[in-house]
Amino acid sequence: MWPEEFARRYRERGYWTGQTFDDLLRERASTHGDRVAVVDGDRHVTYRELRDNALRLASGLHRLGVRRGDRVVVQLPNAAEYFDVVFALFRLGALPVFALPAHRAAEIGYFCAHTEAVAYVTTDVHEGFDHRTLAAAAGPATVIVAGSPGPFTALADLYDDPAGLPPGPWPGETAFLQLSGGSTGLPKLIPRTHDDYLYSVRASAEICGLTQDSVYLAVLPVAHNFTMSSPGVLGVFHAGGRVVLARRADPATVLPLIAREQVTITAVVPPLALLWLDALSGKRGLSSLQVLQVGGAKLAGSVAERITPVLGCKLQQVFGMAEGLVNYTRLDDPDEVVLHTQGRPISPDDELLVLDDDDRPVPPGTVGHLLTRGPYTIRGYWRADEHNRTAFTADGFYRTGDLVRVRDDGYLVVEGRAKDQINRGGEKIAAEEVENHLLTHPAVHDAAVVAVPDPYLGERSCAFVVVRDGVAPLTLPAVRRYLRERGLAGYKIPDRLQVLDAFPITGVGKVSRRELRAALRTLQEG
Ligand code: OOB
């Protein structure tokens, strides 16, 4: 948490206003009660209905034993119930732990155990996968299912009479735990407070020009920080606009939905932008769409240049992180800035440092490690004291692991990454996490997972392994099957496999990932 002198400053400057998520929804239900907040297929939910659902569900969850401060792992697709669940938990002061729909037994099991979750809320079947099969991974947590519950508790049965709810949380409390993309063996959890998060939401809504006439399409997973708050669904609720939920992201689903619902703004990762561009090239643009936000991974200049001509809307680049700091190009910035930078911070009080490998400032305009601190950037991960000692400086700056250059005009250009992470089209893979799973395979002596360039996803993952003597040769399909059976999320399963006799080693005795990447280039060229 922030030291008192910073907290005081952030309050004095009007960033932290003492608003909770429940306050936000209550205000909107009173100012915009009859307006539609959420569209999910044919289902339309007004602000008044949304608040009412959230209170009734809060009551049912309370009856089940969910209390202020408890953790609840939430894994839902982009569906209307998601909002009932999270606003019910916010009202109670229980902390949603935001899992992604792609997570499987390994991740869900870890989140439930690490957070000592009292409940796991999921769906029945999504994208052909039966999420109820993950119940065993949830351990002692009560399993609540949206849809057909099987032997578990039906979410639909938990909407109760809301009379007699206990008092809600205060705005300085942790409101939820967000997942970090991470570079470590186990994912880290990010505690965000009502005060800090809602500041970023309000400021983002303003930067992105949201009004009550905005129609936002949630196409990336709704629990991801980009979709949730940059300005995302919460920014739309702040502005009194309308959220349209897309269950799938493919052009055949999404492009007609944009036209039907007259969507004005949406947020995508670069590979999705590419897919949409290819689907629309030579056709009419998306007439209602005013802004396409692209972020989560670096957008190539050549792709950026096609967006306005093909889609007929403005491009906004977004460089953010679930830990806090979010940078936007502004809607009135000149083309050169929008096409070739990743924006500038939300807040005048976002402090940025760009340092060399020895933590000394680099000369202005040169590339270095980005560190940041500010009114909506965390000061530490949840229950991770040891990791926090290296992930943050003594004076509270977060080491982002990104390599950036700050231009004279204050805009950032992302030049690379120093963390052991693969950014697979915006989906983050911690190398060490996958390596640890690979090391459990009886034939694997050593493993290193690195990023390889990919024209569509930006990066894919390649697992280098050294096999034990005398074992049968390992194949990619066998390795992939093994990791899937261990319950690892699909996006973390290596795209490629290279078996080596030994790993190149750096001067300090670590596996040289740089040499592995170089070896792969040679193999590809040869
Ligand atoms: C967003 O959040 P996370 O937590 O999934 O990932 C953060 C990391 C950053 O540290 C950076 O490495 C990468 O994703 N990243 C970008 C980028 N946006 C994020 N790298 C290059 N260019 C960009 N535009 O990804 C996220 C959170 C809020 C808003 C937008 C994205």
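Residues: numbered from 1 along the sequence shown. In listed order, ligands and their atoms are each counted from 1. Just the heavy atoms: all of them, side chains too, but no hydrogens, waters or symmetry mates, feed the values below.
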Report summary line: With sequence neighbours left out, the residues meeting side chain to side chain contact (heavy atoms under 4.5 Å, CB included) with A448 are E435, F503, V511, R513, L516
Query raised in the report: Would R202 and H238 count as having a side-chain donor-acceptor pair, cut-off 3.5 Å?
Result: no
**Report entry** Pair D350 + R344: basic N to acidic O under 4.0 Å
**Finding:** no
Determine all donor-acceptor pairs shorter than 3.5 Å in which one atom belongs to a side chain in residues 95-106; sequence neighbours excluded.
unit_1: H103; atom_1: ND1; unit_2: L100; atom_2: N; d: 2.9
unit_1: H103; atom_1: NE2; unit_2: Y491; atom_2: OH; d: 3.1
unit_1: R104; atom_1: NH1; unit_2: P101; atom_2: O; d: 3.0

Which pairs would a plain distance check flag for residues 187-195, meaning a side-chain donor or acceptor within less than 3.5 Å of a matching protein atom at least two apart in sequence or in another chain?
unit_1: K188; atom_1: NZ; unit_2: T184; atom_2: OG1; d: 3.1
unit_1: K188; atom_1: NZ; unit_2: L186; atom_2: O; d: 3.0
unit_1: R192; atom_1: NE; unit_2: D196; atom_2: OD1; d: 2.9
unit_1: R192; atom_1: NH1; unit_2: A322; atom_2: O; d: 2.9
unit_1: R192; atom_1: NH2; unit_2: D196; atom_2: OD1; d: 3.1
unit_1: R192; atom_1: NH2; unit_2: Y376; atom_2: O; d: 3.1
unit_1: T193; atom_1: OG1; unit_2: D196; atom_2: N; d: 3.0
unit_1: T193; atom_1: OG1; unit_2: D196; atom_2: OD2; d: 2.8
unit_1: H194; atom_1: ND1; unit_2: F21; atom_2: N; d: 3.2
unit_1: D195; atom_1: OD1; unit_2: G18; atom_2: N; d: 2.9

Query - Y328 and Q317: side chain donor to acceptor below 3.5 Å - result: no
Report summary line: Lining ligand 1 at under 4.0 Å, by non-hydrogen atom distance, are residues H224, N225, F226, S230, G295, G296, A297, K298, V318, F319, G320, M321, A322, Q342, D402, V414, K419, N423, K428
